[in-house]
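Written out below as structure tokens is the structure these notes cover.
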Amino acid sequence: MRRRVRRGRCVYPACALALLGVILAGCSGSGPQSSLEPAGPSARDIDGLWRLVLVLATIVFVIVAAGMVVAMVRFRERPGDTREPKQLHGNTALEITWTIIPAVLLAIIAVPTLQQHFELRDEPDGPRLDVTVIGHQWWWEFTYPGLTDAEGAPLTTANELHLPAGQPVYLTMTSVDVIHSFWVPPLNGKRDVVPGRVTNLKLEADASVPSEDFGFGPGVILGQCAEFCGLAHADMRLRVFVHSPADFDAWVERQLAPAAEPTGTGPIATGYQTFELVCTACHQARVAGSGGVERLGQGVTVDVDGESFDAALAPDLTHFGSRTTFGGASFDATRDHLARWLANPSDLKPMAPERNDIAAGRILGMPNLGLTTDEIDGLVELLESWQ
Amino acid sequence: MALMADTQRTLSPGPRGVWGWLTTVDHKRIGLLYAVTAALFFFIGGVEALLVRMQLFQPNGEVLSSDAYNQLFTMHGLTMVFLVIMPIAAAFTNYFLPILVGARDVAFPRLNAFSYWLFLFSGLLVYSSFLVGGAPDGAWVGYAPLSTQLEEVVRMDFWTVGLQLLGVASIASSANFIATVFTMRAPGMTMLRMPVFVWMALVVAFLLIFSLPAVGIGLFQLFIDRNFGGLFYAAEAGADPLLWQHLFWVFGHPEVYVLILPAMGIVSEVLPVFSRKPLFGYPFIVFSGAAIGFIGFGVWSHHMFTSGMGPIAEAGFGVATMIIAVPTGVKIFNWIGTTWGGRIRFSTPMLFSLGFIAMFVIGGLSGVTHSVIPADTQQHDTYYVVAHFHYVLFGGAVFGYVAGVYYWFPKWTGRLLDESLGKLHFWLALIGFNLTFGPMHILGLNGQPRRTYRYGENLGWDFWNQIATIGAFIILVSFLVFAWNIISSHFLRRGRPAGRDPWDGRTLEWTIESPPPVHNFDEVPQVHALDEFWHRKYAEDDEGRAVRMPDVTGGAVTVETDSGGDGDAHGDIHMPSPSYYPALASAGLVTMGAGFVYLPWGWLAVGVGAVISMWAFFGWSLEPITREH
Amino acid sequence: MAGAPLAEHAPAAGHDEGHHDVRPVRKTAMWVFLGSECVFFGAMISTFLLYRSNTNGGIGSEIFDIPFTSASSFVLLMSSLTMVLAHGAYYGGDLRQARVWLAATALLGTTFLAGQIFEFSEFIHQGLTLTSSPFGSAFYMLTGFHGAHVAVGVLLLGSMFLLSLGGRLYDDRGLNVELVGLYWHFVDIVWIVIFTVVYLLQQP
């Protein structure tokens, strides 16, 4: 009997180690949207803290579990065992000890937690790139207030955030409808995007984003809205493209240029007519035509805590063709997807356009506009051409 | 057997059949009603969860539409919290709290019936939404302004009204339990001789009393915004949507302890019985339970670390959250201390209790990772959090309540549940549970947000989602085994007759018949010690080992009474008479609630409901508690 | 040694296990209920404090007529005095006297309600409504729910008055007066807080 128990004791540490291994292995998972694969200093700090806590928690679990297992094996009722146990009511010294030990462990965790917490919540020092993030049901609007075109209009894009590597970026965020949450796990924790409030988040991407290619292209990091925001919450995603500073500047230059108004006839001209007639009710575009650069469509201004934010009603389409995705970064921007979307957007993404009230600023998705095949073809041509 | 005959004479069981159940004011019958209702809702909530898991089995699942998915996960959360775990806790509390303190009923038997019927009718009201255009779909937390956005869609009104009414029911039953504990204990039953389960029920009652009104106000505000053009959560008018989150979580966090503490109480009853040792450090367990309840009011904002409160407030709530881990740890160590040195019998209640401890430790430790604020900003609103609270509320609370069912089933029905089926249930549940919720930790850390009805390919989430779905079906099988065990043991009468004291118990419920007579105790017991019944059966020898006392044998221990069993002494037991007013009053209130959902023409139903409930309340207050014979 | 604990468990002398005294039971429940009510009003007062300067560009606290509301507050405070007198009379067994004071309390409560209705209609006339601003929403909700509590109190007092007329008297009727009294005093005390926070506190 005694030998069995002793052999059992040797097994426990082995089991514990194996368990620790399994847990750590399981948690070293990966993916383009994983918090365990940091691609920036903030996320790396958080990851370090998380790993410290994980190790401590695993040690505690192993100790507790070992205690339980030992008790269960040693003190199980055996056949023929009729001796009653000693009626022990407690042991104050022991109980005080195991009150204090967890308290000490927690204090050990608390110090780096608070240190990191305040550091992460600080504004970045020195030069930074400012980006305004507006949450919409169900897409992201990104504006770069410091990067303006000849007319003074800031660079505006949707769902795909482009960043220069190695430069601190400071997001200023608010929402025009319900609460969203901006989350790109490899770069930083999430921060809610709240109507009537301004929230901030700092991001900084490493020069080399994990080289592993998950099928999303090089330098691409995935993110997603993390606060339940209604029907298409699952399809309110976003992508971050990390460029070298030079590539980023080139991208900015392309984006600041207006789109070209098509000339002549053909599908693309039909598309442009439809665009002006239908799409501009919500969408915006800067188009250079014979009469100079024209701004099609209009947005709204939202006042939050004394700050004014220019927000669109729907994604700006000036450089739609340069984006790899659309519809809340949920669909690859292929012609086929685009045609299906234009035929009936709710067919691809769950939305409630029947409840739109544009005058009241309530937009719950793009309605089925009843476009003809020709109009759809024309629009696809047009949008693809707007690189 | 003079005692039996005498008992029959003094019983006043009241009408049988449906009317009997509808008018019952017997705390035991009401407890059973709670249990059966909670079991039915558990089945419904489980089916909802399985549908969700089927949808998530693979990327871009097409089992459910986004709309259906949002309704199902909202109703799953609402059901499991308000219509399953709270009522199953209420079932145990109703049935056993009076018996454990040596009382014949709760302080207000009719108020008790009112609480049950209000709970049932409110639950049915919320569920009726499925039949009339869709269930609430704004998540169980109903964050504003999403929950106030579509005023013309009544789904979220079912939620505001239903939750409000459920809150009223809980406040009423909590006041009842508090009054019972404070004023109806048997002679000698001092506060520190009360079983831990009673203590935890008391703490829970206080938590509900002081937390529910906060969310009640929040729900009124949402309702006013939705129906009367109020501006409590209108950001465009300068209102602050975070107010709702504060009001909700001031309730919502204590609510977590409301769900778990009674389960901790049950485990604290089961462990000593099956270890044949007293609870290790009873005062530590009791006071740490009270401390958890108290500190529980100061940590609500850890649900809001990403909402933009301000770094100082976040730091404060983070530290408070770490502090609450200390009393929780104390409980776990003391439970292990209870088994240490005992003679452990691995009956099913014990298995589930040990499972509870192990799973709760995991849930508690992942909870500590949430107090690490930066880490929480990654974990918040992901499957990691889903994993965490299921380890606390399923592996924790549900395992605890299932332990309670196996433990007390013989007292309810007079028959034991089958042990082999029970063990099968336990192992399937443990494996299924860990397969379902273990992988969710990894999914969350790898970036899968909760409340999303589909996910794309190549995100590295496919494998663990499949495992989780398979695990969910194993849980289903395990609970089908459980259901069969109950059917076969009770309804098919295959269960072994239990007698009074099948487990060699320690507390007062095992001194009385199974099932207990209407008046519980022929004579109100005199209490001399914690674990009163154990001390009547066992003394201690020089070594401190328990020694069976010579004058009592077997399980059928005669209750020590004041005056023997000659009948005359207790010929004047007056149990409260059945009353239909409680059910009528709650029907009236729920009619009003249904009317409020469908304003403005619902005002008619509001009026009708008001008249009905006024009538019932007046009839109730004028009706004598015990009719003269 | 083995028998030692036995002595401790010897049957105690008989005790009255028949009827529990309902006084402590009901009073406990009432106190618990009032504790719950504190949180109820606390949540509304917090909301009001959050929104008290949030007038959405419309009417704010300048609309308050402090002398008028002070007068109606005084009326409500006096009703607590008459409630005490009613309770005292019941205890003293003077049912007639008690009836008079009950009626007086209900009357004072009704006067307060009338004042509140007048005040609300004035404010609405001037443009402060439930839907004009978060301030308006919070103001009407807080004072309105308090008014509803007063109305319930008046209803309870009226019922007790009628019951005493109809001769439906129970052993514990003094207790019911006491319980209604507890509730009534609570509603008065809450009003003192509301009056201070809503009407008297200076805008930040």
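Residue numbering restarts at 1 for every chain, and letters A, B, ... go by the order of the sequence lines. Reckoned from all heavy atoms, side chains included, excluding hydrogens, waters and symmetry mates.
Centroid-to-centroid, the aromatic rings of B/Y384 and A/W50 come within less than 6.0 Å.
When A/Q87, A/K86, A/E84 are each tested for a side chain to side chain contact (heavy atoms under 4.5 Å, CB included) with B/E540, only one passes: A/Q87.
Of the possible donor and acceptor atoms, one in the side chain of A/R362 sits under 3.5 Å from a partner among the backbone N and O of B/Q149. Between the side chain of B/Q378 and the backbone N or O of A/P185 there is at least one donor-acceptor pair closer than 3.5 Å. Put simply, the side chain of B/R454 never gets that close to the backbone of A/A234: no donor and acceptor are under 3.5 Å apart. Judged purely by atom type and a 3.5 angstrom limit, B/T339 has no side-chain atom pairing as donor or acceptor with the backbone of A/A71.
Taken from CZ in A/R83 to CZ in B/R343, the straight-line distance is 10.5 Å, to the nearest 0.5 Å.
Taking the charged nitrogens against the carboxylate oxygens, B/E314 and A/R121 do have a contact shorter than 4.0 Å, which makes a salt bridge. Look at B/E152 and A/R355 and you find a salt bridge, because one of the NZ, NE, NH1 or NH2 atoms lies within 4.0 Å of a carboxylate O, short of that distance.
A pairwise comparison of heavy atoms in A/N91 and B/F280 identifies N-CZ, 3.5 Å as the closest pair.
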message: side chain to side chain donor-acceptor pair (under 3.5 Å), that's the test. Do A/Q33 and B/N446 meet it? Break it down for me.
response: CA-CA 6 Å; A/Q33 195 169 311; B/N446 276 337; over 6 Å; no
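Remark: A/E123 engages A/R128 in a salt bridge (charged side-chain N to carboxylate O under 4.0 Å, His left out) (not counting sequence neighbours).
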